[in-house]
Structure formats: structure tokens, C-alpha cells
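What follows is a short report on a single structure.
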Amino acid sequence: MGYNPGTAVDSSVRDYDPQAIERKWQERWQATRAFEVAEDPDRPKFYCLVMFAYPSGHAHVGHVRNYMIGDVVARTRRMQGHNVLHPFGWDAFGLPAENAAIKHGTHPERWTLDNIAHMKGQLQRLGISYAWEREFATCERDYYRWNQWLFLRMFERDLAYRQRSTVNWCSSCETVLANEQVVDGACWRCATEVGTRDLNQWFFRITRYADALLEGADQLDQWPEQVLTMQRNWIGRSAGALVRFPVIAAERGGEEDSIEVFTTRIDTIYGATAVLLAPEHPLADRLAAATADPAAFAARLEGFRGLDRTARTTGQIEKEGFDTGRSARNPFTGEPVPIWIANFVLADYGTGAIMAVPAHDQRDFEFARKYDLSVRVVVQPAGEPALSGAELDAAAAAYGVLVDSGPFSGLPSAQAIRKMTEAAERDGTGRGAVQFRLKDWGISRQRYWGTPIPIIYCDACGTRPVPDADLPVELPRVERFSGRGDSPLAEVAEFVETACPSCGGPARRETDTMDTFVDSSWYYYRYCDPRNEDQPFDPRKVAYWGPVDFYSGGIEHAILHLIYSRFFCRVLNDIGLVAHDEPFTRLLTQGMVLRNGAVMSKSKGNVVDPDDMLATYGADTLRLYEMFVAPPEREIEWTDAGLEGSYRFLGRVWRLVVAFCDAAPAAPPIDAVTLEAADRALRRRTHDTIRRVSTDIDVRIHLNTAVSALMELVNELYGFCARERIGAGAAADGAGRPPRPAAVAAAREAIEALVLMLSPFVPHLSEELWEALGHADGVVAAGWPVCDEAAVRAEEVVVPVQVNGRLRARLTVAVDTPQEVLEALALEHPHVGAHTSGKRIMKVIVVPRKLVNVVAR
RNA sequence: GCGAAAGUGGCGGAACUGGCAGACGCGCCGGACUUAGGAUCCGGUGGCCGAGAGGCCAUGGGGGUUCAAGUCCCCCCUUUCGCACCA
């Protein structure tokens, strides 16, 4: 059986011709809709997902690395008999489209659709096995209408609400940003420093799920620990107590108001020598009004409020404050303590007020030293000399034993926290409470290219949801974009002016659009049922496919997309649309591709376009290179030399298999021949490779070592075929005896396993060779090779012999050589004797099949 | 400052539970085949000493545990990432 290529490849072309092969197989996959799937309860499902793409224009080799990783996993699972859903789509709303419109006059939709068309072509030329018939773009009416539908369900549950508040404002993007989208005080997208604005905004009440998201994280044992840590930090749960400090009235000495503070260290409350208010605290203005010089007071407040926001929240400003002249009563000591305004107290965490315990909190300590507030030690660190407030040079923040704390003196901190919280609850001055760093998710965006928020404002009826029957609220066609001012939708009178769904009177539509992270929070469910016109998706279909078994993408989404999606999953669970709690079972965060030490980007001019690589080497070489160069999590430095090496390897595989097909007669089945030692050795290598590659792909996802194992098998096969005069080896040897049938059988087994295991990495080449080997049905029908444990078992092993831990000799022995024999052989060895002569042999460590170590002194 | 991960040949990287450090690839050196080789095939390639057999040194640095350490423990250095006035 010679090499018998399919239709598109000229059989006279014997060299590896990736362009022809890749065209042939891509056309065939498309014609046969090879990767389309349907629910099938009889087969195990596998949902393999990569983060969908923002259609920025061109994919570079850094973007596609992720898609290749997903494709290796998907193709492997498919061969292992799983029903694999492997979809792709487009995160198509967003600012760049609108900015392009402002700059070049193209409509955002045109720009987006053109980019999608181009990038889709790029991905198809890479031969990634997507179920393309499920593709969608989030800017499609049939997608974003379900954003609106889901928004309304959240509105009904009080999970979507509108509030005026101080929000992050990016002056470059001309829109609001959620807290998650501010990185080091700058916009996550454009790096412009973020300012603030007071605006009416829509929020999703993600804080209601704070504890659930935290607890759920504990179940995510197949997520990188780093991502979970980031999420836990972001949620920032802290348990403590709310305690009220009554404000002592200016006249008479009665009590009027009270200041509630949050503390995690109620055990230090006997040392609370001041109450500090954030400049924005509501009481601050009232206290100002009551002072002798309200204008001066107010001016100082304004000074604090106007400080740089980032500096204020990151500790980069000098701690400053001023005395309000008023006092509050410490509910535990009964003593009056001064009320100060302090610039480092955050208005939007806890209650915006704290009790200052200078002896036991470093920030309070610095503040107290500066303004000469009293420092009172109430917790003594265990086993250390007693502290005194006057001598401290830093706060003693550690837990210890309480002193000078009335009835609580003598208690250790942990116990004191419990008892003092109970005491506060009993006498009504406080209660245990939990605070989160996590804030509600602000989703209003003052931009055009997004999902309109389905809300109508009526002067008579107030804020009304758009009825489901009126969905979608379509994004109107806007032709000119200035990039200035309010939401562009506010300019479109036909859009804004509408009728109230409740009273029918004149009303106005909401003109903000939704954050595009709303789109990406549930798109993975839509893939399960992408054309559903009655609901976002059929819950039964999601029950079959969900949750996502394998999800791969960049770590930059650790606390953006990945936390929003987990939130959405739980909301959808509450609504009854999904049955699971967590959307992504296994997460892989892939490393970026660098060039000249920098992330590829258009502005740096260091992008490598996959199309250029395809023209020279073909998709398979590019795929193999990106998988081989490093484990998926690690970032890689692009090198052309590495690509060349991968190309050479594929040429080597091609020649090996083609020569085998040309020269070898049909092989008898492996169990019908008598194998010689060389054949058994090859089989051992074959089946060991199957085992290694299988675990490297499925368990560890170390695709680089999977590839190197396959390279070793190829090297082995070259030697074997030459020695046995099979294929190319026979030609070199000239005419002679035909190869032994057992050797051909072993070689065929190895070559077939090789081609099958290569197919997730280099699918075009593998399909072509599989066909050449005489199989008409493709690699998926053939299935993933199975490791024969009996064949792996070695007959002989090389056992290293050490003297005092240093290698001195090697013994080649039968695998089952008993311990005593190993020991005797080791001691007899002349090299061992040379190093033990004149010494006493203390003991001999024998690890059967592994090692002998002679200890001599 | 706090926390996490990492540091291995000229380079990318292997080494799974402590058991032959450097798999595999790139690069480099040599050989074969050749009019030719930047194709292909075969071989070599951590450093130092040695003609050789062989020996010594070697996984960022320093200590330790162990028959045995890249792997475990302690201290330090460097890099990357995350957190950083959250009371």
C-alpha cells in the first residue's frame, strides 16, 4: 500500500506541502460540518471554551495561542469519545468600535462586522475545530435582547437598582467605569487616570452574593490558586462589629446623635481615644454648622475632599486631620473622646467613621503622635515586657491579652472579641457585622455601542421597566459620533421619547448603555442554544452542556470577567435557568506571547501576524511551535528559529510515514506475530508514549512535554526503521531481504499511534497521513490510542550504583532482580570496590529497579 | 511593606511521590550523501582536569535534614505577579 493522497494533493509531490494539505482538510471539515454537535445523553459531554474575542481587527500569534490550547484539548477529548462543544464568538460591543467611528467616520457596526469577517478567516486558516454554526456576536439584536431580559429579571429581584453616587470617570473614554475596571487608579482599557463624577447610575447588586462567591471559591479546586487569591482579596470580607459612639451635645451635656463605627478589633476599644470621621461623613457638615466659624471648618473639609482620590485610597498622602471641638462617649469606658475629621478615613468603606486606637493600629498611631492624642495600651502581647503608651514607637497590632479593659481584662484577644461583641449587643450599643471591600457593579455607560438599558422614566409613574413583550429595545442607528458630552442616545429624539408602559403618557427612555462585561457574563450559556428566540437559552440544553469543563484565557480577567460570570451564574441559578453554582470547572490562564521582551501590540510595532507564518510554514507548524515552546501558563518569547525547528520536525514525520507507506507491505496484526526483543522495545516506547502524552494533555495540560514525548518516539522510529530496513532505511540499504513482518507490525503500531496523538496539535498533517496509512474515516473515528500496560512493562532496567551518594557504576539487570542479588552485584563491581577499599561498609540501600547506594566510611 | 510564584547549559525548557540533573528542541561542532548544501541522514555537545580509564565541580547565594536534595527545612539575594491607609 503506497502513499495514496486524497483529491487535492498531487501524488507526484512527495515533499511536505502544508498549504495544499491544510486547504484540503479545512474544506473537508467545512463541507462535512465536522465539529457541529448536538446533545447526546448517551455520551459524556465536554464543554471546552476559550474566552471569546474582541474584534479589534487582526488576531496576532499571541491571541491565537489561547485558541490553539483550547483546540488541543477539544480535539483530544473528541478522540476520547466525548461529545465536545467547542464554540467561538465575538465580544462585539465596546469602545474601540465607537472611537474608530469618531476617527474614521465608519459606523461602529460596519467596523465591527468587517473585523469579525477578517479575524474569522484568520482562525479558520489555523484549522481550529470550532462549531462555527453556533457563532454569534454580542452586538446582534438577538443577543443583546437577552441582556435586556436578564436585566429586567434582576430589576424584579432588586438586583438592579439606580442610585446617584460618586463614580469612576475616565475622561478619555468619556464614560463611567466599575471599580474592577480601575487598575492602579487608571482606566483598564486606556490607562488614563480615573477621576470622579456624581451621576445617577445603574448597579448590579453583586454584594448580595459576596459570601456565596467567597464560599464558592473554595470549591474551585481546578482553578489557579493565584486567581482565587485575587478574587478573595477583591471581595475582601472582614468580620467585626459595628459600635455606636453617642455624640455629646454642645450645650448641657446630654446626647443627641451617635456615630457608628466599624471595627475588627473591638478588643481594643478601651484604648479608643478618638473618633475619626471621613470628610464626606454626613455628620461632618452638621458639626461644621454648629462651630464658631462654620466657613473655615467647611473650607478645611473641602480641602480634604478635593485631594487626589487615588492617593487618598492608597495611603500616599500625609495623614492629616482637625478637631471638630466636639466629643463622643466611648460606650465601653463611658469616657468622652474627641471627634476629629481625618483625611485617611474612607467614606465608602464601613460607616465612614472609625474609632482611633493609637496603641494598636499603626495608622491611628501615626495620627495620634502627630496631633498629640493619647495612646493607651489595652492589649499586652503575650510573653513580652509590658508596653506603655508613652514609650511605643509603633502600634502593637498583634493579638494579646487585655489589660485595663474593665471586666474584660485578662482575656485573650480572640475571646475578648467574642465577649465584647456580645456585651455590645446586650446593651444595645453595637452588634457583630461583616464588611466587604467588594462594591456593587456599576453598569451604566455613557456611550453608544452597547446594549440599551430597558428602562423608561415617566413623570407620573416613575422608573418603569420595559415590558418583556417590547424587547428588544433596539439600538437606534446613529450616524455621527462626536465623542463629546452625554450618551449619544440622548441626542436621538425618536429613541428617547416614548410612552410610559404603565400609564401610556409621554415618557423618556434611559439613554445609557450597559457595560460590555454584562455581555460576556453569560455568553457561554448562549452557545448551548444560540438561536433561541423565546428565552436566553433552553435550561435543558445548559443542563446538558454546563458547566464549562475547561476554560482558557488571559489572567487579566481574574477579577473582571471571571467574577462577573460567577455572579451571573448564581443569579441564573436563583432564577432557575441553570442548576449549577459555578460556571467554569477548570480554569487555565495562559501566558502571553512576547516579542523583544514586550507584549505584542500594534503601538509597539512588534506583532506577528499568523497569516505571515501560514504563508511560509503552514498552520500546523505554527500550532506545534506555540504548544511546544513552553507550558501554556508561561509567557513565551517569540523566535523564528523555534518555528523553523517545528517545521523540520513535521517534515521528519512526513518523510517517516510516507516512506513507510511506500515501502512496507501491509502489516499483520500485532498479536499474530512473534515479536523479537527489538520489537518489544519499540512497543514499550510506543505505549509509554501513549501514557505520557495522555496524562500530559488531560491531567497536567503540559502540552510542551507531550510534544517532546512524540519527538522522542519519532527519533526511536527512525532508528528502528533503519535497523530493520523498513521504508527509508530499506532504500539506504539497497535491495535485500524484506523486513521482518513482526518488525513491520510493531512499526505500524508505533506510527499509527504517533499520527493519532499528533492530530490534536497538527490536525491537517495528521489527517493526511492517517489517510495515507489506509484509513478512510479520519482520526476521530479511530479514537485515542490506548496504553497497553503489559507492553510497557520493561524486561531489563539499568540500575545506577552509588557509593556515598555519588554515581560509580550502572548495572543492567532483569526487572525482577531481587534485592540481595542487586546488592551483591553492586558490591562486586570493580568501580564500587575502588571507592570502598579501606573503608567499612556501613549499609547498602537498595531500591529495587531504581538504585543501589553503598554507604562506606 | 505584606503575600504568591519563579531563578537549572550559549538559548527555550525537562526532571510527576526526595532516587542516574540537563529529556525534547534551538544553536554550535563533526561525519555521511553530494557539482553544491542554508536540504536530508548519523553522531557529539554543562564546566574544569586527564592521552585514556576516569576524576573533580555544577540547579541564584549561604546553612541544615537525609544513605541520597533542583525537589524538604531555615536565612539571604534577584525577577515577575498580586495586594497595599479597607479600620
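Quick note on labels: first sequence line is chain A, next is B, and so on, each numbered from 1.
Among the heavy atoms of the strands lying under 4.0 Å from N704(A) are primed sugar atoms or P, OP1, OP2 only; no base atom is included. V261(A) comes within 4.0 angstrom of no nucleic acid atom, judged by non-hydrogen atoms across all strands. Contact annotation for G645(A): backbone-only contact, meaning every heavy-atom pair under 4.0 Å involves sugar-phosphate atoms and none involves a base.
Of all heavy-atom pairs between I563(A) and Q231(A), the closest is N-NE2, 3.6 Å.
H835(A) has a side-chain polar atom (N or O) that falls below the 4.0 Å cut-off from OP1 or OP2 of G55(B). Under 4.0 angstrom from either OP1 or OP2 of C26(B) there lies at least one side-chain N or O belonging to R648(A). Residue R700(A) places at least one side-chain N or O under 4.0 Å from the OP1 or OP2 atom of A15(B). Taking side-chain N and O atoms only, S238(A) has a distance below 4.0 Å to OP1 or OP2 of A87(B). At C41(B), one or more side-chain N or O atoms of R655(A) fall inside 4.0 Å of OP1 or OP2 (strictly under the cut-off). For C41(B), the OP1/OP2 oxygens have a side-chain nitrogen or oxygen of R652(A) closer than 4.0 Å. At C20(B), none of the side-chain N or O atoms of R849(A) fall inside 4.0 Å of OP1 or OP2 (strictly under the cut-off).
In G9(B) the base sits syn relative to the sugar, since the glycosidic angle is no further than 90° from 0.
Ring centroids of F649(A) and F628(A) are separated by 6.0 Å or more, keeping the two rings apart.
Atom-to-atom, OH of Y647(A) to P of G38(B) comes out at 17 Å; the value is rounded to the nearest Å. As rounded to whole Å, 17 Å separates atom C1' of A87(B) from atom CZ of F365(A). One atom, CG of L594(A), and another, P of U80(B), lie 12 Å apart when rounded to the nearest Å. Remark: P of C83(B) and CD1 of I563(A) are 12 Å apart, rounded to the nearest angstrom. Rounded to whole Å, atom C1' of A84(B) lies 12 Å from atom CG of L346(A).
Projected onto RNA chain B by closest heavy-atom contact, Q226(A) and F436(A) fall at different nucleotides, the more 5' of which corresponds to Q226(A).
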